[in-house]
Amino acid sequence: RVEASVPEAQREAWRKFSAKEFTTKDQFESEVVKHIETTLARSLFNCDEAAAYAGTALAFRDRLVIEWNRTQQRQTFADQKRVYYLSLEFLMGRALDNAMLNVQQKDVATAGLEDLGFRMEDIISQERDAALGNGGLGRLAACFLDSLATLNYPAWGYALRYRYGIFRQEIVDGYQVEVPDYWLDFNPWEFPRHDVTVDIQFYGEVRKYMDDAGKQISVWENGEVVTAVAYDAPIPGYGTKTTNNLRLWSSKASHGEFDFTKFNSGEYEASVADQQRAETISAVLYPNDSLDRGKELRLKQQYFWCAASLYDIVRRFKKSGKAWKDFSNQVAIQLNDTHPTLAIPELMRILIDQEGLEWDEAWSITQATFGYTNHTVLPEALEKWSVPLVQQLLPRHLQIIYDINLQFLQYVQRNFPKEREMLGRVSIIEESEPKRVRMAYLAVIGSHKVNGVAELHSDLIKTTIFRDFVKIYGPDKFTNVTNGITPRRWLHQANPRLSELIAAKLGGYDFLKDLNLLSKLEAFVDDKEFRKEFQEIKYANKVRLAKYTKDVHGISVNPNSLFDIQVKRMHEYKRQQLNIFGVIHRYLELKSMTPDQRKKVQPRVFFFGGKAAPGYWMAKMVIHLINQVGKVVNNDKEIGDVLKVVFLEDYNVSKAEMIVPASDISEHISTAGTEASGTSNMKFVLNGGLLIGTCDGANIEITREVGEDNIFLFGNLSEDVDDLRHQHFYGDYVLDPMLAAVFASIRSGTFGDAGQFSALVDSIVDHGDYYLVSDDFKSYVDTQKLIDETYKDQEVWLTKTITAVSRMGFFSSDRCIDEYAEMIWNVEPLPPQQNGA
Ligand code: PLP
């Protein structure tokens with residue numbers, strides 16, 4: 001209904017009884033008690049912390065929903081261009097604390113909960129993480145949603161509503177064990193939209209016929225149909241009423257619950273089989289990070305999600321009554337990595353087969369609509385789908401992909417007639433056995449802009465995987481948007497005391513919306529009171545992590561030690577093995593010292609955390625080695641507090657919020673040229689920790705911003721990597737002698753049966769050391785020594801950390817979103833009006 005068509009009396013009644021937001025403590029308490037007593041059917045006498053969390057979350061959800069409805073109405077009414085961020089992963093973490101802080105009502109809620117007999121920290125910790133992602137890529141998408149809403153961009157996220165998010169990691173006898181994460185038991189943040197459903201087809205065949213005008217028409221038919229149901233989650237901006245939408249699709253059988261005919265004839269299991277088959281599509285998140293898993297189910301997930309999202313986007317566009325030529329003026333779709341690339345042939349299919357557009361018009365609309373963000377140059381992560389599989393599952397899409405390829409190759413041939421060998425290199429179809437569809441090439445060809453996620457990475461994609469495409473399209477199609485992080489979650493929420501201290505110095509919290517204001521902190525670098533408080537906050541955060549380590553892992557660590565942290569997915573390219581070999585080296589050195597010499601060594605705790613993909617046995621071996629080293633070192637009386645090693649189980653976003661503010665040093669030590677950007681590096685520095693890192697990803701820009709004196713760089717450069725690998729290949733190198741001693745110690749059984757780690761050692765000694773651990777080892781150890789020395793002068797250290805924090809403004813994800821909006825999407829913000837309309 002449009003407003004004008006509703007009689008005034010009705011309008012008045014709606015206005016009068018329209019839902020109101022709580023603004024006072026009493027109103028908040030009344031909402032919480034109402035939800036506990038009616039929605040949850042509990043009372044004062046059986047309200048535990050879980051129920052109090054539920055009541056609080058529901059009170060906040062109601063509040064968000066009011067603004068969310070208004071935002072959607074405003075955006076529909078304004079009818080301007082919207083952004084759709086397609087990401088197979090959104091690593092959101094917890095929602096309650098973020099919602100309270102973004103709507104700026106945490107104080108009210110804290111006081112209200114206290115009245116009702118609860119402590120805010122206990123309530124917040126009741127919430128399960130929404131862990132619909134693996135690592136950096138998914139967390140980036142989550143930070144982007146926060147920035148899009150905060151900056152008032154009309155934007156939606158689209159993903160799948162996995163029943164199981166990333167697995168929970170348990171460490172049993174030093175080994176990773178995966179346990180399912182069934183996170184949906186109670187999720188107050190989502191709204192099922194049973195009225196928003198889309199039927200998605202798979203398999204079947206394509207029939208072609210001529211219409212009356214002699215035009216060839218393709219019909220994809222006789223396939224299996226699965227229904228997508230929308231679940232929406234409100235995304236509140238910070239300090240604005242804009243509340244955007246994250247729409248997650250869940251799969252279910254298209255014909256209802258189960259087959260009654262089968263059930264009635266006694267085929268009980270068969271009667272639910274279809275239902276289960278359909279629901280499998282959105283059942284699990286693939287737990288792979290930077291590894292491609294070419295599985296049919298994964299391809300089904302990708303198409304299911306792309307098709308449902310595009311149907312939704314097109315439906316919304318068509319409601320506006322605009323002509324197709326306006327589509328890309330109304331819609332920008334960003335592809336977060338190649339996972340949503342099928343959206344390109346899907347939009348072509350809609351435009352040509354369903355809407356009757358000619359190829360050329362459909363293609364120019366498609367290209368103008370999509371932008372593609374590349375996240376990796378690692379060959380093992382580049383998605384390629386077997387042609388026979390695509391043929392079977394999506395026969396019409398394969399035809400369209402072949403047509404796109406044909407047109408593209410003809411264009412290349414026309415423009416580069418002398419470079420025939422280029423055609424094979426750039427073809428979307430790889431001539432392997434079986435043939436495969438190169439999704440990254442399809443994404444480049446079908447988008448108007450391609451971006452990398454840090455300067456080095458964006459340069460590297462132009463000279464490696466997309467080199468030919470730069471020649472074909474010119475360099476302007478390729479750009480860089482260096483990743484960023486939301487200061488709301490990663491400073492204000494994770495480190496409230498530091499946020500408060502900064503606000504006290506800068507005269508308010510404006511820096512949370514304009515992170516460049518941090519530069520004003522530099523003026524306080526010599527302010528005694530400020531320095532003292534800054535240091536106390538770091539210490540308190542370390543005490544909190546030390547307490548957690550004792551409570552959960554039973555390991556005592558001294559918060560006066562240097563806290564060295566490496567938390568991120570376990571992967572050979574991220575080189576946790578380099579870190580643990582460094583720890584073993586340190587242990588051997590300590591063992592060779594006299595007690596007096598040992599007393600002079602800077603005490604350190606090495607914290608590790610991160611999940612390995614379940615099938616990635618080398619990464620799992622590194623986890624095992626870390627735990628074995630921890631067992632030996634932590635129980636060595638001679639060593640005591642001088643060295644401790646902790647593996648923090650089940651690293652996730654909510655743990656990151658506790659771990660990140662507790663670091664003195666964090667490790668970002670990937671082989672140069674392999675880490676696209678990294679984002680945890682930014683989080684650590686923003687929270688007053690320094691980095692040890694290679695010249696890789698965003699470490700390079702962090703160095704540019706904070707200054708070379710305020711970061712510890714080491715190792716070979718990306719331009720040397722090829723030569724070094726070559727040397728290994730031809731046996732033209734000598735294993736670093738300190739590393740050789742580390743290996744000798746492992747082989748001698750110091751950390752348990754050496755056979756368990758032989759593949760790891762052999763990969764370096766005998767199999768080419770692809771990640772150049774040996775080449776970087778000395779530089780790494782020397783730099784760690786420098787860190788020990790520097791840390792001894794706490795005043796110098798403090799100056800470095802404060803200076804670094806004050807120079808981190810560039811890394812706000814708000815800056816990223818403004819860059820995407822201007823360079824790639826061409827969208828404008830739509831701020832709420834002053835009167836709230
Ligand atoms: N995993 C989690 C839970 C995170 O919070 C983050 C970033 O903060 C990452 C992974 C990405 O870490 P990195 O940038 O070190 O790869």
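Residue numbers count from 1 along this sequence. Please read these numbers as outputs of a predicted model, since none were measured by experiment. Whatever order the structure lists ligands and atoms in, that order sets their numbers, starting from 1.
- Shown here are the salt bridge (charged side-chain N to carboxylate O under 4.0 Å, His left out) partners of K655, two or more places apart in sequence or in another chain: D650.
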Distances only, to 0.1 Å: what are the N or O pairs between ligand 1 and the protein that fall under 3.5 Å?
unit_1	atom_1	unit_2	atom_2	d
ligand 1	8 (O)	K683	NZ	2.4
ligand 1	14 (O)	T679	N	2.8
ligand 1	14 (O)	S680	N	2.9
ligand 1	15 (O)	K568	NZ	2.8
ligand 1	15 (O)	S680	OG	2.6
ligand 1	16 (O)	K574	NZ	2.7

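- Judged by the 6.0 Å and 45° rule, R704 forms a cation-pi pair with F810.
- Among residues two or more places apart in sequence or in another chain, the salt bridge (charged side-chain N to carboxylate O under 4.0 Å, His left out) test is passed with D185 by none.
- Judged purely by distance below 3.5 Å, without hydrogens or angles, the side chains of N687 and N495 pair a donor atom with an acceptor atom.
- The salt bridge (charged side-chain N to carboxylate O under 4.0 Å, His left out) check on D181 picks up R128, with sequence neighbours excluded.
- With hydrogens and angles left out, the side-chain atoms of D292 and Y286 include no donor and acceptor closer than 3.5 Å.
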